[in-house]
Amino acid sequence: TAALASTLASLVGSMQAPKVELATFDGDPRSYTPFMAAFEDNVERYVTDDAGRLARLLQLCRGEAATLIQGCRHIPPPTAAYRRARDLLRGHFGSRMDIVDAWVRHLTKPHPTLSDLSLELRACIEALDGLGALREAGHRTHLDRIADRFPEQLHKKWRKVTLRARQRDENPTLTELADVVANYVEEQKEDRRHGKALYQHDRSRSRHDGPRRDEARGRPHHQTHVPGYLGRGEMATRPRVPAAHARRLAGKDNSPASS
């Protein structure tokens with residue numbers, strides 16, 4: 001019969017489906033498009049009956065997404081139930097504006113490091129460019145919300161970019177913002193590498209130049225950060241005079257001159 005043939009075809013399709021671990025969907029609009037693309041490629045393509053497709057979709061949904069479509073299993077027939085579940089997911093999580101807003105909310109949250117933010121900006125650009133929604137994300141209000149959390153030096157660099165854009169009678173873009181952050185991150189990495197090289201070079205010189213003056217007199221030599229170089233990771237040396245020795249020197253300066 002037709003029903004038996006459909007069941008057999010579904011079983012064969014399930015057996016042929018590639019053994020991959022599919023990601024779940026918890027209702028985050030940022031994940032909607034890649035989740036549905038993976039579902040269509042790895043489930044819908046091989047499972048031919050809609051009852052099996054709906055069952056697999058229910059297994060892969062979590063949180064808000066699962067709550068939204070759990071009632072669809074009671075809708076007859078299975079074709080209508082599966083179509084309704086797909087429509088609900090797309091309507092609640094798959095619109096362009098929902099996806100753009102979710103990315104903007106994510107980018108305005110605190111990130112552990114600027115490197116993390118830089119990677120998230122690139123991921124956002126790739127995702128929204130694929131949807132044709134990059135222009136919506138580049139609205140000036142969205143860019144300002146993201147840049148509000150920048151450190152002062154990075155914020156100054158971004159203001160220069162926005163000024164040049166206004167001089168061209170244009171609006172700055174999300175891609176320009178991502179470039180500014182990425183370049184700043186690379187500059188910081190280069191400064192740290194440069195500072196480390198300077199410190200290692202200074203230590204190498206001290207081993208070959210013999211003991212320093214204060215070390216020759218039996219006093220320990222201390223390495224301290226000079227405040228003006230803290231941001232660049234460079235080291236400078238400054239001898240620290242012991243307190244007892246400093247008091248003796250002060251006593252000699254204050255004693256009356258000998259006749």
Side-chain angles (χ1 to χ4, degrees), residues 5-109 111-113 115-138 142 146 174-175 177-178 181-182:
S6 176
T7 301
L8 289 174
S10 177
L11 290 173
V12 172
S14 299
M15 294 175 62
Q16 292 177 341
K19 304 301 180 182
V20 295
E21 190 70 24
L22 293 179
T24 59
F25 180 62
D26 62 359
D28 185 349
R30 295 179 301 140
S31 304
Y32 172 80
T33 300
F35 168 77
M36 291 309 306
F39 183 85
E40 291 171 358
D41 288 342
N42 296 285
V43 176
E44 193 173 83
R45 178 181 176 185
Y46 297 97
V47 180
T48 57
D49 70 297
D50 289 330
R53 291 171 175 175
L54 178 61
R56 192 74 177 108
L57 186 61
L58 287 166
Q59 288 178 347
L60 292 172
C61 285
R62 302 283 188 272
E64 292 183 50
T67 302
L68 180 65
I69 65 172
Q70 63 182 350
C72 293
R73 69 182 74 202
H74 304 294
I75 299 176
T79 299
Y82 177 64
R83 185 182 304 114
R84 179 58 177 165
R86 290 288 302 265
D87 289 343
L88 285 172
L89 291 175
R90 181 171 56 253
H92 282 75
F93 309 113
S95 73
R96 284 163 55 107
M97 289 310 303
D98 285 338
I99 295 172
V100 169
D101 289 343
W103 271 110
V104 172
R105 288 195 303 271
H106 178 69
L107 292 174
T108 54
K109 292 179 180 178
H111 287 73
T113 66
S115 295
D116 294 324
L117 176 59
S118 180
L119 293 175
E120 293 288 356
L121 281 167
R122 289 301 175 189
C124 172
I125 289 172
E126 295 298 330
L128 297 184
D129 190 36
L131 292 174
L134 195 55
R135 182 181 295 273
E136 289 93 325
H142 294 160
I146 298 171
L174 185 62
T175 301
L177 180 67
V181 176

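- The pair Glu44-Arg86 meets the salt-bridge criterion, with a side-chain N (NZ, NE, NH1 or NH2) lying under 4.0 Å from an Asp/Glu carboxylate O.
- Counting heavy atoms of neighbouring residues, nucleotides and ligands inside a 6.0 Å radius, atom CD of Gln59 exceeds 12 of them.
- Note: Phe25 and Phe39 fail the aromatic proximity criterion, with ring centroids not under 6.0 Å apart.
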Evaluate the side-chain contact (heavy atoms from CB on, under 4.5 Å) criterion for residues Asp98 and Tyr32: first the C-alpha distance (whole Å), next the side-chain angles of each, then the deciding distance (0.1 Å), finally the verdict.
CA-CA 10 Å; Asp98 285 338; Tyr32 172 80; over 6 Å; no
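- Considering CG of Leu107 and SG of Cys124, their distance stands at 5.0 Å, rounded to 0.5 Å.
- Under the 4.0 Å criterion applied to side-chain N and carboxylate O atoms, Arg90 and Asp87 are assigned as salt-bridge partners.
- In this structure, Pro34 and Arg30 approach most closely via the heavy-atom pair CD-O, 3.9 Å.
- Across Cys61 and Ala66, no two heavy atoms sit closer than the pair O-CB, 3.5 Å.
- Summarising the geometry of Leu60 relative to Ala23, their closest heavy-atom pair is CD2-O, 4.2 Å, with the distance given to 0.1 Å.
- Listed here is the closest heavy atom pair of Leu88 and Cys72: CD1-SG, 3.7 Å.
- Under the 3.5 Å distance criterion, the side-chain polar atoms of Asp129 are left unmatched by any main-chain donor or acceptor of Ile125.
- Of all the heavy atoms in Pro29 and Ile99, the pair that sits closest is O-CG1, 3.5 Å.
- Annotation for Ala85 and Ile69: closest pair O-CG2, 3.8 Å, computed over non-hydrogen atoms.
- We find the CG-CD distance between Leu134 and Glu126 to be 9.5 Å, quoted to the nearest 0.5 Å.
- For the atom pair NE2 (His106) and CG (Asp28), the distance works out to 8.5 Å, reported to the nearest 0.5 Å.
- Residue Leu128 holds its CG atom at 10.0 Å from OG1 of Thr175, rounded to the nearest 0.5 Å.
- Atom CZ of Arg122 sits about 9.0 Å away from atom CG of Leu174, to the nearest 0.5 Å.
- Between the side chain of Arg96 and the backbone N or O of Gly132 there is at least one donor-acceptor pair closer than 3.5 Å.
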Evaluate the criterion side-chain contact (heavy atoms from CB on, under 4.5 Å) for residue pair Arg56 and Val47; output intermediate values, then yes/no.
CA-CA 9 Å; Arg56 192 74 177 108; Val47 180; over 6 Å; no
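- Atoms OG1 and CZ, on Thr33 and Phe93 in that order, are 13.0 Å from each other to the nearest 0.5 Å.
- When only modelled atom types and interatomic distance are considered, Glu120 and His111 share no side-chain donor-acceptor pair under 3.5 Å.
- The residue from Val43, Leu89, Asp50 that alone fulfils the side chain to side chain contact (heavy atoms under 4.5 Å, CB included) condition with Leu57 is Leu89.
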